[in-house]
There are 2 protein chains.
Amino acid sequence: MKLSTRGRYGVRLMFDLALNGGNGPVSLKDIAARQEISEKYLSNLIPPLRSSGLINSVRGSQGGYVLGKDAREITLKDILLVLEGPMHLVECAGQPEVCNRSTDCLIRDVWSEVGTRMLDALESFTLASIAEKQKQREEVPSYSI
Amino acid sequence: MKLSTRGRYGVRLMFDLALNGGNGPVSLKDIAARQEISEKYLSNLIPPLRSSGLINSVRGSQGGYVLGKDAREITLKDILLVLEGPMHLVECAGQPEVCNRSTDCLIRDVWSEVGTRMLDALESFTLASIAEKQKQREEVPSYSI
DNA sequence: ATAAATTCCCACTAAATTGATGGGAATTGT
DNA sequence: ACAATTCCCATCAATTTAGTGGGAATTTAT
Ligand code: SF4
Ligand code: SF4
């Protein structure tokens with residue numbers, strides 16, 4: 001039940017874009033440097049993010065990436081669904097046919113319910129809401145002695 | 001973000017015990033037959049369940065397993081924590097020291113929050129509550145034509 | 001024009017986790 | 001004695017995840 005690095009890094013990539021994407025496209029190189037993640041690895045996450053419309057790209061020198069829509073409209077659920085696929089806790093939740101017990105199985109209902117609650121939690125966070133908290137934290141003066 | 005078979009099978013094992021454990025110990029062989037899971041595989045799940053007190057065992061002929069406490073007091077969270085270890089979505093949630101960014105990382109707070117909500121959902125299901133629903137379903141006459 | 005920066009797309013290898021099985025000793029009821 | 005059963009060791013196979021490589025295409029800057 002751990003989130004893979006794919007999902008974790010992907011969220012950090014998107015969050016970095018939300019924070020630093022104000023003035024034109026941001027290059028992967030910059031993101032990788034700030035987040036201390038291999039640029040090569042991050043590049044694997046780009047195609048799905050792009051094809052799902054969560055980011056747009058600008059090719060060529062001085063190119064990079066920008067958010068595909070307003071940061072207030074991008075939730076963690078959106079990002080993770082794109083990078084990790086349908087996040088059912090169990091396969092039978094999405095595809096009953098994988099198990100011949102599925103019609104009578106109550107435990108299946110339970111997994112579905114828990115999965116729904118998890119997705120709801122993920123959906124309640126937007127890039128904008130996280131970024132806002134981040135700024136608040138940075139504003140607070142840390143009364144130096 | 002999928003639950004491993006270890007956790008899924010473990011829950012079914014425990015659920016089977018809750019349903020059929022009324023009259024003395026239930027053998028693994030029986031559970032494996034009813035649940036259509038390899039007895040050998042299930043036997044791997046026993047030691048942690050036993051050492052955590054979720055089940056008790058009776059050795060020898062006519063032996064088997066019984067729930068370690070009342071089915072109303074065993075939640076899915078209990079079972080999964082024992083079988084899957086601490087279910088943090090990210091390692092840094094439980095061990096901040098694994099990442100040098102953890103002190104300032106807001107995303108970490110997010111993962112912790114989502115993880116908590118998931119565990120809360122799991123905690124809201126007890127073996128007894130699931131078993132009750134199962135019985136209700138079986139009682140409902142399926143108006144045969 | 002040329003060079004530099006950058007996305008883009010292919011594929012491949014290595015590492016870690018998970019799933020599944022095997023064999024035999026110890027215990028207990030019949 | 002015998003059969004049923006837990007118990008504990010260990011090993012192998014399959015799958016998934018993490019991480020790397022190389023080079024073509026595109027655009028800006030000089
Ligand atoms: S036994 Fe139930 S929960 Fe498990 S795979 Fe089958 S339908 Fe799903
Ligand atoms: S970057 Fe943040 S979320 Fe990721 S491991 Fe470090 S502290 Fe945790």
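To find a chain, count down the sequence lines: A is the first, B the second, and so on, and within it residues start at 1.
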Original post:
C:dT27 C1' sits how many Å from B:Tyr65 OH, rounded?
Top reply: 12 Å
**OP:** Using whole Å, report how far CD of B:Gln62 lies from P of D:dT5.
**Re:** 6 Å
Original post:
Side-chain N or O of A:Arg6 less than 4.0 angstrom from OP1 or OP2 on D:dG19?
Top reply: no
Original post:
For B:Asp78 and B:Thr75, does a side-chain donor sit closer than 3.5 Å to a side-chain acceptor?
Top reply: yes
Original post:
Should A:Ser57 be listed as having a side-chain N or O under 4.0 Å from OP1 or OP2 of C:dT7?
Top reply: no
**OP:** Using a cut-off of strictly less than 4.0 Å, decide whether B:Ser61 has a side-chain nitrogen or oxygen near OP1 or OP2 of D:dC2.
**Re:** no
Original post:
Do A:Arg59 side-chain and D:dT26 base share a donor-acceptor contact under 3.5 Å?
Top reply: no
**OP:** To the nearest Å, give me how far apart CG (A:Leu3) and P (C:dT17) are.
**Re:** 15 Å
**OP:** Indicate yes or no: does A:Lys2 engage B:Glu91 in a salt bridge with an N to O separation below 4.0 Å.
**Re:** yes
Original post:
Taking only N and O in the side chain of A:Tyr41, is any of them less than 4.0 Å away from OP1 or OP2 of D:dA18?
Top reply: yes
Original post:
Quick one: A:Lys40 NZ to D:dT20 C1', roughly how many Å, whole number?
Top reply: 7 Å
Original post:
Looking across every strand, which nucleic acid part, if any, lies under 4.0 Å from B:Arg8 by heavy atom: base, sugar-phosphate, or nothing?
Top reply: nothing
Original post:
Is there a side-chain polar atom (N or O) of A:Ser38 under 4.0 Å from OP1 or OP2 of D:dT20?
Top reply: yes
Subject >> Between P of D:dT6 and CG of B:Leu13, the distance in whole Å >> reply: 11 Å
Subject >> Protein-nucleotide distance (B:Asn44, atom CG; D:dT11, atom P), rounded to Å >> reply: 15 Å
